There are 2 protein chains.
Amino acid sequence: MRPFVHPAIEDVQPEAILHALSDPNRAAIFAKIMTAGCVEACSAVSALGDRVIPKSSLSMHFKVLREAGLIRSERHGVEMRNHSRWDEVETRFPGLLAAIISAYAADAGTGPCRSGA
Amino acid sequence: MRPFVHPAIEDVQPEAILHALSDPNRAAIFAKIMTAGCVEACSAVSALGDRVIPKSSLSMHFKVLREAGLIRSERHGVEMRNHSRWDEVETRFPGLLAAIISAYAADAGTGPCRSGA
DNA sequence: TCGTTAGTTCCGAAGTTCTGAACTATGGGA
DNA sequence: TCCCATAGTTCAGAACTTCGGAACTAACGA
């Protein structure tokens, strides 16, 4: 198990952020980390809405979020703690994350029935 | 050649917008349509930076932007005219497009050497 | 009608994502 | 110390997506 890789904030690319958040599952995970401040384990988000995401997929989603520069993961004993890097990303790309999160929220409000988020 | 399909603005999904703009080529095309107000033909954007994009890829990129609800295309004789749907998208997801476009602009300013946009 | 220009569609190659199975790492209890 | 349980990662193959050349359609002008 190699250690986690987190890009420096100046290496964070807008396309990576958009790609990471263009998946509704990942956007829901990120929103959860945002609102909770810190999510203690993958298992805490393993069920988004009514759908269970396999561990391996979840691990991959966290990796994508991490490599996009959106979250910071640390191992604490057997678990992983994930913190959002909102402040850093906000400094680099002002308003971006807020606009994306509120777009998903707006869509959840108007759409037919969206399980996640 | 089937006619162009444009989603109603209430059917536009944030994930489709993020996916469409998570490709730097498409983001550059969209930025070009935005700044020009209207782009007269695919050929007008066929060279983004120093890289020539094949016609078929360009056609696909326009299709993705169209189906994401970001642009409106009309055939005028032999050419296609593309307008941005900024106002509609802005009403539905306030601040989203501005944040994305300015994130790419910020990145172009700090990054090593970005050809497009 | 023919040639040109503009764009779309098709289809195979290349790349990406998803997921179950096997694996690694840590902590706790006997 | 050993063994087990829990948490997460890695691997590999299947499924899906994207790319790009070739062939096609559609409109226009000579």
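Owing to the predicted nature of the structure, the values given are computational and were not obtained by experimental measurement. Only this structure's heavy atoms are used, side chains among them; waters, hydrogens and symmetry mates stay out. Numbered from 1 within each chain, the chains take letters A, B, ... in sequence-line order.
- One atom, CZ of F4(B), and another, P of dT9(C), lie 9 Å apart when rounded to the nearest Å.
- The closest donor-acceptor contact from the side chain of R92(A) to the backbone of V12(A) lies under 3.5 Å.
- There is no side-chain donor-acceptor pair under 3.5 Å between R72(B) and H83(B).
- Rounded to whole angstrom, the span from the NZ atom of K55(B) across to the P atom of dG21(D) amounts to 12 Å.
- Of the candidate nucleotides dT8(C), dT9(D), dA7(D), dT8(C) has the atom lying nearest to any side-chain atom of R66(B).
- One N or O donor and one acceptor, one from the side chain of S56(A) and one from the base of dG20(C), sit under 3.5 Å apart.
- To the nearest 0.5 angstrom, L70(B) atom CG is 5.0 Å from F30(B) atom CZ.
- For the atom pair NZ of K63(B) and OG of S73(B), the computed distance is 12.0 Å after rounding to the nearest 0.5 Å.
- Atoms CD1 (I53(B)) and P (dG21(D)) sit 12 Å apart, rounded to a whole Å.
- In terms of phosphate contacts, S57(A) brings a side-chain nitrogen or oxygen within less than 4.0 Å of OP1 or OP2 of dT19(C).
- With distances taken from any side-chain atom of M60(B) to the nucleotides dA25(C), dT5(C), dC19(D), the minimum falls on dC19(D).
- Comparing K63(A) and V78(A) by the nucleotide of DNA chain D that holds the closest heavy atom to each, the one mapping nearer the 5' end is V78(A).
- Salt-bridge formation is not detected for the pair E90(A)/R85(A): no Lys NZ or Arg NE/NH1/NH2 atom is positioned less than 4.0 Å from an Asp or Glu carboxylate oxygen.
- Atom NE2 in H61(A) sits roughly 16 Å away from atom C1' in dT10(D) (whole-Å rounding).
- Here the nucleotide nearest the side chain of P54(A), chosen from dG7(C), dT18(D), dG20(C), is dG20(C).
- For the OP1/OP2 pair of dT17(C) and a distance below 4.0 Å, the side-chain nitrogens and oxygens of H19(A) include at least one atom meeting the criterion.
- Atom CD in E67(B) sits roughly 14 Å away from atom C1' in dT9(C) (whole-Å rounding).
- The interatomic distance linking M80(B) (CE) with dT5(C) (P) rounds to 18 Å, in whole Å.
- Spacing between atom CZ of R75(A) and atom C1' of dA7(D) amounts to 10 Å, rounded to whole angstrom units.
- The CZ-P distance, from R81(A) to dT26(C), rounds to 15 Å in whole Å.
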